[in-house]
Amino acid sequence: MVVAIEGGTGLGLMNLTWKPTPTPIDDAIETIRYAVEEAGVRYLNGGEFYNFPLDSNLNLQYIQEFAKRYPELYKKVSLSVKGAVSLVDVSPDSSPENLEKSISNITKHLPNNFLPIFEPARIDKRYSIEETIKNLSKFVEDGRIGGISLSEVGADTIRRAAKVAPIACVEVEFSLLTRDILHNGVLAACEDLNIPIIAYSPLGRGFLTGTINSKADIPEGDIRLSLERFNDDEVIEHNLKLVHGLKKIADKKGVTLAQLSLAWLRKFGDKHVKVLPIPSCSSPRRVAENTKEISLTDSEFQEITDFAESVPIKGGRYNKASEAVLNG
């Protein structure tokens with residue numbers, strides 16, 4: 001089964017719950033409602049482990065409550081939820097036992113015990129991708145999930161997985177700050193197989209909003225302080241060259257830096273394979289800004305691309321421990 005990935009912008013739900021102080025549930029539900037009903041969002045992306053503590057199911061509870069309050073709106077969206085990790089330390093776990101446990105836990109929070117798209121958050125290298133996809137296909141066959149997605153995988157893994165079963169989409173970090181997929185074969189694999197790309201952190205974890213000028217601008221306890229690009233002021237200062245240059249282009253066009261960054265991703269998708277950015281918003285105001293359709297001409301797109309390519313980015317996307325499970 002191939003699940004349709006629709007709309008120009010999706011909504012990431014991570015920032016509602018995976019932070020020291022979660023967004024209050026009523027505010028979170030209103031944000032999701034606004035995104036679907038007012039802004040036309042048709043793709044939601046959650047996580048079984050997007051919680052403090054990891055096993056509290058808060059993200060799933062928010063999704064469950066949205067579906068309860070707005071059942072007709074819930075029917076309009078493709079929901080993807082990441083799982084298949086340890087809820088103790090977030091290490092990948094795609095054992096048959098944990099796949100059953102993870103999918104059962106997620107689906108019990110959803111209408112009709114059905115999840116449109118299930119996504120192993122990272123590749124468990126104890127099992128071949130063929131074995132993992134074969135095991136997940138059983139849940140498609142028994143009607144508990146509608147399709148299978150992949151997250152943070154390499155090009156070879158995508159190609160091998162697609163030989164076993166249809167892949168609904170591939171989720172990767174992709175933004176003007178992080179353009180790895182242009183050079184590591186992932187974009188080419190998705191183009192060849194016509195698999196949509198879900199671009200998480202499309203605003204560079206907030207860096208492409210122009211609100212981060214030093215570590216002091218990041219709240220204590222924020223996960224970004226554990227990442228190389230955000231825990232060193234010299235690295236931040238260097239990477240701000242990208243922000244300052246893009247801000248000039250955005251000002252000239254009369255849009256925000258965030259809107260310009262998201263418009264570039266959507267335009268990129270028009271030229272290659274569908275790219276759906278999923279900014280993680282926690283207020284209707286931010287949803288409205290990020291989903292506004294901004295058109296770029298070919299020359300504007302090329303200007304942005306050329307400038308971004310001229311600024312080498314410093315610092316890893318994660319820390320060394322997390323980098324070990326990327327591009328599986």
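Computed over heavy atoms, backbone and side chain alike; hydrogens, waters and symmetry mates excluded.
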Angle between ring planes, Phe268 versus His272, binned at 30° and 60°: parallel, tilted or perpendicular?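 Ring orientation of Phe268 relative to His272: parallel.
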
Neighbour count >12 (heavy atoms, 6.0 Å) for atom [atom1], [X]:
X: Glu237; atom1: CD; result: no
X: Lys253; atom1: NZ; result: yes
X: Lys19; atom1: NZ; result: yes
X: Asn194; atom1: CG; result: no
X: Lys274; atom1: NZ; result: yes

Have [X] and [Y] got a donor and an acceptor in their side chains that come within less than 3.5 Å?
X: Arg229; Y: Thr178; answer: yes
X: Asn57; Y: Gln61; answer: no
X: Arg126; Y: Ser94; answer: no

Do side-chain atoms of [X] reach the backbone of [Y] as a donor and acceptor pair under 3.5 angstrom?
X: Asn98; Y: Asp93; result: yes
X: Asn59; Y: Glu48; result: no
X: Tyr62; Y: Leu13; result: no

Would you sort out whether Asp142 and Lys138 count as a salt bridge (Lys or Arg N to Asp or Glu O under 4.0 Å), showing the intermediate values? CA-CA 6 Å; Asp142 72 16; Lys138 298 173 183 176; over 6 Å; no

**Message:** Tell me whether Phe118 shares a hydrophobic cluster with Ile63, the cluster being built from Ile, Leu, Val, Met, Phe, Trp, Tyr side chains joined at under 4.5 Å.
**Reply:**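 Yes, same cluster.
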
Given Glu152 and Arg317, is the salt bridge (Lys or Arg N to Asp or Glu O under 4.0 Å) satisfied, shown in steps? CA-CA 12 Å; Glu152 283 291 356; Arg317 295 196 286 130; 2.7 Å; yes

Once rounded to the nearest 0.5 Å, what's the spacing between atom CD1 of Ile223 and atom CE of Met14?
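Separation between the atoms: 6.5 Å.
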
* **Distance in Å, Arg122 CZ paired with Ser151 OG, rounded so as to fall on 0.5 Å steps** =>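 So the gap between those two atoms works out to 4.5 Å.
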
Query raised in the report: How far apart are the C-alpha atoms of Arg205 and Glu173, what are their side-chain angles, what is the distance that settles it, and do they pass the side chain to side chain contact (heavy atoms under 4.5 Å, CB included) test?
Result: CA-CA 10 Å; Arg205 301 183 186 276; Glu173 185 173 358; 4.0 Å; yes

Can you find a heavy atom in the side chain of Phe207 that is under 4.5 Å from one in the side chain of Leu240?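 Yes, at least one pair of side-chain atoms sits under 4.5 Å.
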
